[in-house]
Amino acid sequence: MGKRSGWRRWKLTVLERLWLKAATIGASLVLAVFISIVLLLVLSRSAPETFLASLHSEEIRFAIGLSLKTSIASTTLCILVAIPAAYALARYDFFGKRAASTLFDMPLALPPLVAGVGLLLFFGTSPLGRWLSEVGLVFVFTPLGIVIAQFFVNVPFMLRVMRSTFEGISPRYEHVAKTLGCTDAQAIWRVTLPMASNGLLAGSVITWSKGIGEFGAVLMLAGATRMRTETLPTSLFLNMSCGKLDEAISAATMLILISVVSLYIFERRVGGLRL
């Protein structure tokens with residue numbers, strides 16, 4: 001009897017494990033199929049010749065150009081700000097570190113529209129915002145507003161990637177470099193940053209991809225003016241609103257292709273990095 005009961009328990013355990021494995025894999029496959037269908041419906045909505053013809057339109061070319069310029073500018077800002085901030089969070093303990101870390105993550109939790117409203121109030125009504133406008137730095141309803149909106153929403157991504165990257169590099173390498181005559185800054189520049197190159201590249205690509213697809217905050221701060229503040233997401237919104245489906249699908253297709261390439265590069269470089 002003892003052997004039979006033990007055999008039954010073993011069979012139940014095996015069946016339970018198989019059921020759990022099948023259920024979790026099945027859920028993953030269903031989700032993958034659902035996402036694939038949604039993306040394929042967009043990609044297959046227009047014929048290739050229609051997509052290519054839309055790319056030759058002046059409006060779509062303007063939207064692509066403005067998206068590239070603003071996303072590159074905002075990504076550069078994210079890199080310049082995120083590297084020192086991420087290094088400080090990864091290497092030092094200081095008063096207010098936990099609060100600062102929480103604040104840095106707030107743009108991730110905020111709806112982009114709320115972030116855009118806050119930026120609009122800051123640059124449109126605050127004394128600093130009015131002073132910037134007086135000296136020629138106008139952010140409200142201008143391409144500069146697109147850059148700062150992309151930066152505000154997407155800098156946490158760059159910050160998280162670089163913080164994880166720095167935390168994965170032992171400080172001992174910097175200590176060795178300093179024993180060989182490097183200053184603190186030289187040790188970071190010559191040792192730590194080259195070792196963090198994969199994280200820097202991956203973070204830059206994913207931040208650029210997020211920037212080029214940002215819409216909510218951009219809409220609030222820079223508006224949606226054709227041929228002035230019209231990025232690819234804005235073009236998608238405007239053309240869909242006006243019933244120009246081919247142009248809207250072309251913009252959506254471009255955004256999907258950019259996302260696919262960016263995620264591929266990110267996974268190849270630091271696929272195990274936690275965001």
Side-chain angles (χ1 to χ4, degrees), residues 34-79 111-113 115-117 119-120 123-124 136-155 157 204-266:
F34 174 66
I35 294 174
S36 299
I37 290 173
V38 171
L39 297 179
L40 288 174
L41 284 173
V42 177
L43 295 174
S44 62
R45 181 62 178 78
S46 331
E49 54 270 19
T50 305
F51 172 68
L52 293 175
S54 298
L55 292 182
H56 288 294
S57 71
E58 184 180 2
E59 181 182 352
I60 294 296
R61 285 190 283 111
F62 176 86
I64 293 173
L66 184 61
S67 295
L68 290 174
K69 292 174 186 176
T70 54
S71 60
I72 290 173
S74 64
T75 301
T76 303
L77 282 177
C78 288
I79 292 172
L113 288 172
V117 170
L119 290 171
L120 181 62
F123 289 105
L137 291 175
V138 182
F139 293 91
V140 180
F141 304 135
T142 67
L144 279 178
I146 300 174
V147 174
I148 205 67
Q150 292 174 347
F151 165 79
F152 182 85
V153 172
N154 297 315
V155 70
F157 289 97
S204 301
V205 169
I206 202 70
T207 302
W208 172 77
S209 175
K210 291 288 295 178
I212 211 169
E214 179 53 43
F215 175 66
V218 169
L219 179 66
M220 288 292 100
L221 183 59
T225 307
R226 288 191 186 274
M227 306 296 289
R228 177 169 170 80
T229 60
E230 185 178 5
T231 59
L232 279 172
T234 306
S235 178
L236 169 60
F237 169 74
L238 291 174
N239 286 308
M240 189 66 76
S241 301
C242 297
K244 297 180 179 180
L245 193 58
D246 288 337
E247 288 81 358
I249 295 298
S250 297
T253 302
M254 285 292 299
L255 291 169
I256 290 175
L257 294 176
I258 289 169
S259 299
V260 169
V261 173
S262 301
L263 284 173
Y264 174 77
I265 295 174
F266 182 83

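As the structure is a prediction and not an experimental result, all values here were calculated from the model.
Here the NZ-CD1 distance, from Lys244 to Ile249, works out to 15.0 Å after rounding to the nearest 0.5 Å. The structure places CZ of Phe215 at 11.5 Å from CD1 of Ile146, a figure rounded to the nearest 0.5 Å. Once rounded to the nearest 0.5 Å, the distance linking OG of Ser67 with CZ of Phe62 reads 9.0 Å. In this structure, CG on Leu43 lies 6.0 Å from CG on Leu257, to the nearest 0.5 angstrom. For the atom pair CG of Leu66 and OG of Ser71, the computed distance is 9.0 Å after rounding to the nearest 0.5 Å. Within the model, atoms NE2 of His56 and CZ of Arg61 stand 8.5 Å from one another, a figure rounded to the nearest 0.5 Å.
Residues Phe139 and Leu119 are not in side-chain contact: their nearest non-hydrogen atoms beyond the backbone lie 4.5 Å or more apart. With contacts defined as side-chain heavy-atom distances shorter than 4.5 Å, the pair Glu247/Ser235 does not qualify. At a threshold of 4.5 Å between non-hydrogen side-chain atoms, the residues Thr142 and Thr229 do not count as touching. Side-chain contact between Lys69 and Thr231 is absent, with no heavy-atom pair separated by less than 4.5 Å. You'll find the side chain of Met254 stays beyond 4.5 Å of the side chain of Ile60, heavy atoms only. Leu120 has its side chain within reach of Val140: a pair of non-hydrogen atoms, C-beta onward, lies under 4.5 Å apart. The shortest distance between side-chain heavy atoms of Lys210 and Cys78 does not fall below 4.5 Å. The shortest side-chain heavy-atom distance between Thr225 and Glu230 does not fall under the 4.5 Å cut-off.
Nearest heavy atoms, Gly145 versus Ala222: C-CB, 4.2 Å. Nearest heavy-atom pair across Cys242 and Arg226 is SG-NH2, 3.4 Å. Taking both residues in full, the closest heavy atoms of Asn239 and Ala248 are given as CB-N, 3.8 Å, listed atom of the first, atom of the second, then distance. Shortest non-hydrogen contact noted between Glu59 and Met227 is CA-SD, 3.8 Å.
For the side-chain contact (heavy atoms from CB on, under 4.5 Å) with Leu39, the lone residue among Ile35, Ile37, Val42 that qualifies is Ile35.
Side chain of Thr76 to main chain of Ile72: a donor-acceptor pair is present (N/O by atom type, distance under 3.5 Å, no hydrogens or angles). A donor-acceptor pair is defined here as one N or O able to donate and one able to accept, closer than 3.5 Å; no such pair exists between the side chain of Gln150 and the backbone of Val147. At distances below 3.5 Å, not a single donor-acceptor pair connects side-chain atoms of Thr207 with backbone N or O atoms of Ser204.
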